[in-house]
Amino acid sequence: MSFVNKAGMIFARKWIGGITISDVLAVCKNLNNHGEHVIINYLGEDYTDELKTKSSTGKYVCLIREMKKLKINGDIALKPTQLGLRINYGMFLSNYEKIVNYADRHRIRVWLDMEDYMLVDDTIRAYLHELKLHKNVGICIQSKLKRSTDDIRRITGKGGMIRLVKGAYPARSGITYLNKWDIDTSYIHCMKYLFKHSNRFMIATHDDSMIDLARDLEIDYNKSVMFAMLKGIRGKLALQLVSDKENVYIYVPFGEDWVEYSARRLKELEHSLLILRSIISG
Ligand SMILES: Cc1cc2nc3c(=O)[nH]c(=O)nc-3n(C[C@H](O)[C@H](O)[C@H](O)COP(=O)(O)OP(=O)(O)OC[C@H]3O[C@@H](n4cnc5c(N)ncnc54)[C@H](O)[C@@H]3O)c2cc1C
C-alpha cells in the first residue's frame, strides 16, 4: 500500500471495517457486544472481469463460514455489479444464487444492494427469482427513484423484504427526484406503505425526522421495524436506539476497494455540513 493510500485508510477506517475478513469480524464482534446487529459488505463494484466476480463470490462464502464460526449476529449485503451484472445477467444470477444457497444453509440473511437506476429492473428480477426459492433474502429500494412506490408494491405483494434508503447514486431528470424535499416526501410515502403492507422491513437512514416518524408508526401499527445505519455515521444515535430496545443494524463494508465508498460518504458529509451551515446562517 502506498503512503497516500495508508494515510487515506487511516481516515476511511471511520466508515469501513478494515481490509480482511478477520479485520471486519473483529469490528462486528465489538458492535454485537454493544447490542447492534451488522450487515457486512465486501467492497467492490462495476466489475467487468469474470474472474473478479468469481473471486468475490468465493470471498462471501469464506465470510459466511467465518461469521458462523465466530457467532457473528448479522446479515450480508451484495452489490449486483460486483457479481457481474455489468457483464451479463446470467453470470450475476449464478454468483448471487451460490451465495444465497450457502447463506441459507448457515441461516444468514442476504441483502441485495441497489445501485444505478439503469440496473433496477435486473436487480429486482434476480431478487424475485431467489425469493421463490429462499426466505433469507432482502432487497434495497431507493426513495429517490420515482418508480419505487410501484416496486415496493410488487415486492411486498410477493412477500419480499425491503430495506428502504434515500439513494446514493447520481440523480437523473425524469427518473429520480432531484431535491431533498421530494426525496424525503417519497421516503415518508414508501415508509407508510411498508407499515401498512409489510411485517418485516428495514428503515435505513440517519435522518432524525425519518427515524422519529418510524418510531411513531411502530406504536400506531404495533409493529417493530429494523433500523439500519452505516458504520461511522450517527453512532451515538444508533446506541440510543439500542438502549430504547429498537432493533439496530450497522452496515459495515470491508476490503481493498475502500476508496470509492469512502469518497461517497465524504461527499454526503460535505453536503450535510452545507445544509447545516445554510440553516445556521439563515
Ligand atoms: C444500512 C444502509 C444501507 C444502504 N444501502 C444503500 C444501497 O444499497 N443503495 C444506495 O443507493 N444507497 C444506500 N444507502 C445510502 C443511502 O441511500 C444514503 O445515501 C445515505 O444513507 C444518506 O442518506 P440519509 O438517509 O442518511 O439522509 P440524508 O438526508 O442524506 O442525511 C440525514 C442526516 O444524516 C446525517 N448524515 C448523512 N450522511 C452523513 C455522512 N456521510 N456523514 C455524517 N453525517 C451524515 C446528517 O446529519 C444528515 O443531516 C444505504 C444507507 C444505509 C444506512
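All ligand and atom numbering here is 1-based and tracks the order in the structure. For reference, positions follow the sequence shown, starting with 1.
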Task: Polar proximity ligand 1 side, Ala168 side, N/O cut 3.5 Å exclusive - done: yes
Using heavy atoms and a threshold below 4.0 Å, how should the contact between [X] and ligand 1 be classified: side chain, backbone, both, or neither?
| X | value |
| --- | --- |
| Arg264 | neither |
| Cys140 | side chain |
| Ile233 | side chain |
| Lys180 | side chain |
| Arg163 | side chain |
| Met229 | backbone |

Is a salt bridge present between [X] and [Y], judged by a nitrogen-to-oxygen distance below 4.0 Å?
| X | Y | value |
| --- | --- | --- |
| Glu260 | Arg264 | yes |
| Arg147 | Asp121 | yes |
| Arg163 | Asp75 | no |

TODO: Just jot down the ligand 1 atoms closer than 4.0 angstrom to any heavy atom of Gln142, in number order.
DONE: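 Close to Gln142: 9 (N), 10 (C), 11 (O).
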Could you identify the single nearest non-hydrogen protein atom to [atom] and state the distance to 0.1 Å?
| atom | result |
| --- | --- |
| atom 24 (P) of ligand 1 | Thr205 OG1, 3.6 Å |
| atom 17 (O) of ligand 1 | Gly167 N, 2.6 Å |
| atom 1 (C) of ligand 1 | Ala228 CB, 3.6 Å |
| atom 20 (C) of ligand 1 | Glu268 OE2, 3.7 Å |
| atom 23 (O) of ligand 1 | Lys166 CD, 4.3 Å |
| atom 14 (N) of ligand 1 | Val165 CG1, 3.8 Å |
| atom 49 (O) of ligand 1 | Ser272 OG, 4.0 Å |

Open item on the list: Looking only at the side chains, is there a donor atom on one of Asp23 and Thr20 sitting less than 3.5 Å from an acceptor on the other?
Closed with: yes
TODO: Measure from NZ or CZ of Arg265 to the centre of the six-membered ring of Trp15 and say whether it is under 6.0 Å with the direction within 45° of the ring axis.
DONE: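 Relative to the ring axis of Trp15, which defines the angle, Arg265 lies outside at least one limit.
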Task: Cationic tip of Arg125 above Tyr89 ring, under 6.0 Å, 45° of axis - done: yes
Open item on the list: Membership question, hydrophobic clusters at under 4.5 Å side-chain separation (ILVMFWY): are Leu128 and Ile162 in the same one?
Closed with: yes
TODO: Applying ring pair (Phe, Tyr, Trp, His ring centres under 6.0 Å), run through Tyr96 and Tyr127 and close with a yes or a no.
DONE: CA-CA 9 Å; Tyr96 174 39; Tyr127 173 70; 7.6 Å; no
Task: Heavy-atom nearest option to atom 34 (O) of ligand 1, drawn from His206, Arg265, Met210, Lys231 - done: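 Answer by nearest heavy atom: His206.
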Open item on the list: Using ring centroids (six-membered ring only for Trp), state whether Phe227 and Tyr249 fall under 6.0 Å.
Closed with: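 No, they do not, as the ring centres are separated by 6.0 Å or more.
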Task: Asn41 and its side-chain hydrogen bond (donor to acceptor under 3.5 Å, both in side chains) partner, picked from Trp111, Tyr261, Tyr60 - done: Tyr60
Open item on the list: Below 4.0 Å from ligand 1: does a non-hydrogen atom of Glu115 turn up there or not?
Closed with: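 Glu115: no contact with ligand 1 (<4.0 Å).
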Task: Pairwise side-chain contact, Val61 with Lys98, heavy-atom cut-off 4.5 Å (strictly under) - done: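 Heavy-atom side-chain distance check fails, nothing below 4.5 Å.
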Task: Nearest protein heavy atom under 4.0 Å from atom 41 (N) of ligand 1, yes or no - done: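 At least one protein heavy atom is under 4.0 Å away.
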